[in-house]
Protein chains: 2
Amino acid sequence: MSQIATLLVIDDEPQIRKFLRISLSSQGYKVVEAATGAEGLAQAALARPDLVVLDLGLPDMDGQQVLRELREWSAVPVLVLSVRASEVQKVEALDSGANDYVTKPFGIQEFLARVRALLRQAPQAAATDVAPSFGPLTVDLAFRKVTLDGVEVALTRKEYALLAQLATYPGRVITQQQLLKDIWGPTHVDDSHYLRIVVAHVRQKLGDDPTAPRFIITEPGVGYRLVAPE
Amino acid sequence: MSQIATLLVIDDEPQIRKFLRISLSSQGYKVVEAATGAEGLAQAALARPDLVVLDLGLPDMDGQQVLRELREWSAVPVLVLSVRASEVQKVEALDSGANDYVTKPFGIQEFLARVRALLRQAPQAAATDVAPSFGPLTVDLAFRKVTLDGVEVALTRKEYALLAQLATYPGRVITQQQLLKDIWGPTHVDDSHYLRIVVAHVRQKLGDDPTAPRFIITEPGVGYRLVAPE
DNA sequence: AAGGGTCTTTACGCATTCTTTATGCCCTGG
DNA sequence: CCAGGGCATAAAGAATGCGTAAAGACCCTT
């Protein structure tokens, strides 16, 4: 929420991209660009933007098609741009999953206001993310709540930060450097010592045994990972 | 979502209301109407609509004002109608919390498509209770009233703002930065001190004990949260 | 102009958390 | 077999954050 929002602009016209890039950057947004529909879809998967600005008049594929393919796996808010003002097209785009529709030419102030409006309601979509569960263990990232066998587990800041980091990518190994950078900051990437202590604390609170782990698995020399959820 | 959606139309012109009522009813929506801003706010609290259609040109009060008052306690999507196409007004409305802005005259198909888009992206926004209760404690966000065991509790502005913020997302942790930004403004996000004092006051008035909390739970180093409602 | 209520500022005791320091274990490779 | 690096755990001292109280500043009403 307080994080800087990332926006993806999909438009084939360089001057429009430039115009939008400058306008949006000046507002503090991070801007990612794509010139074609295919590239746009790839960037949407890669950069995980908080909002997509999509021009319907793309050279390689129909804008509607981009929208439908995007909606198959993402709920990110989409603001559609188009020169054509045909009502039928607006209806089609909105029903294909667009969240707003702006006709070119448009006022930049109105455009920015609509971006703000879409971003404002977006965190609710992100907050509905499901809480991953690992057998008796659940890590609710939205509510910042960890439960074991239905009982809430009290974790300190660092302990929760560690577990949340691991739970964000279940089953995947997170390197020590990654964990140290995210929890202690980039100045402590060499203090792998800290990490072991916090891991020990979390394990203790979860009743986990390092030699026969139920939850946190040590990858020697690399990092840690959480067992994959069911 | 599969439930029939209820829409609230706030407009002083009977012919527009009739036009919208017929159009929306034919789509299967339930339609509630209000002719004035005051009536609209009352209906919003009473009927708990899933979407509000608001005309800015109301006789009794400024549309912007209606919007702001509504936003104090409700996150329901709002679609604003207006004859004026001034960009400044659009920006104002969108920044006051409107989710979309349509200029009259408009095509009914586009209007209905925008209604569908808004209902689609915010299915849970309207589901939040305006008067959640936490055992003996109730926080009525619409009437700005807090009662404990049926007795009204007198809270100061900041005290109420804090409790309202917490009650908007029951059971969820609200970070100190979030609370400070919303209550004191973005310039005081570091004065976590203020927060403790107001929390202490609210707890005192609610007869709450920090070490064995009935209502407000401290998440050390992070923020506060209200116990989940029953 | 006085008064009450609200907000801000300042101060301090206390608990928890974080950091530091120390020690023993296990596995691996020479 | 032994040496060494990485891992786990324990227990201190240091630092930070929380809760409470109280006094002064501010604001609004009367």
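Values in this document were obtained by computation on a predicted structure and should not be read as measured data. So you know, we letter chains A, B, ... as the sequences are listed, proteins then strands, and number each from 1. These values consider heavy atoms only, across backbone and side chains, with no hydrogens, waters or symmetry-generated copies.
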Could you give me the CA-CA distance, side-chain angles and deciding distance for A:Val9 and A:Arg21, then say whether side chain to side chain contact (heavy atoms under 4.5 Å, CB included) is met? CA-CA 8 Å; A:Val9 175; A:Arg21 187 199 325 133; over 6 Å; no

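- Residue contacts for B:Glu219: at a heavy-atom cut-off of 4.0 Å it reaches no nucleic acid atom on any strand shown.
- Within 4.0 Å (heavy atoms only), A:Thr211 reaches no atom of the nucleic acid at all.
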With side chain to side chain contact (heavy atoms under 4.5 Å, CB included) as the test, would you mind laying out the steps for B:Thr103 and B:Lys90 before giving the verdict? CA-CA 9 Å; B:Thr103 311; B:Lys90 285 191 194 179; 3.8 Å; yes

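- If you check residues 153-172 of chain A against DNA chain C, the residues with a heavy atom closer than 4.0 Å are A:Thr156, A:Arg157, A:Lys158, listed by number.
- To the nearest 0.5 angstrom, B:Leu180 atom CG is 7.0 Å from B:Gln177 atom CD.
- By the salt bridge (charged side-chain N to carboxylate O under 4.0 Å, His left out) test, B:Glu13 pairs with B:Lys104, sequence neighbours left out.
- Remark: B:Gln176 is in phosphate contact with D:dC18, judged by side-chain N or O atoms under 4.0 Å from OP1 or OP2.
- Contacts between residues 181-210 of chain A and DNA chain C, defined by a heavy-atom separation under 4.0 Å, are made by A:Trp184, A:His193, A:Tyr194, A:Ile197.
- With a 4.5 Å cut-off on side-chain heavy atoms, A:Leu70 and A:Leu41 count as touching.
- Partner B:Tyr29 forms a side chain to side chain contact (heavy atoms under 4.5 Å, CB included) with one of B:Leu119, B:Ile4, B:Leu20, B:Asp50 and no other, that one being B:Leu119.
- Centroid-to-centroid, the aromatic rings of A:Phe134 and A:Phe215 stay 6.0 Å apart or farther.
- For the pair B:Arg144 and B:Tyr160, the cation-pi test (distance below 6.0 Å, angle within 45°) is passed.
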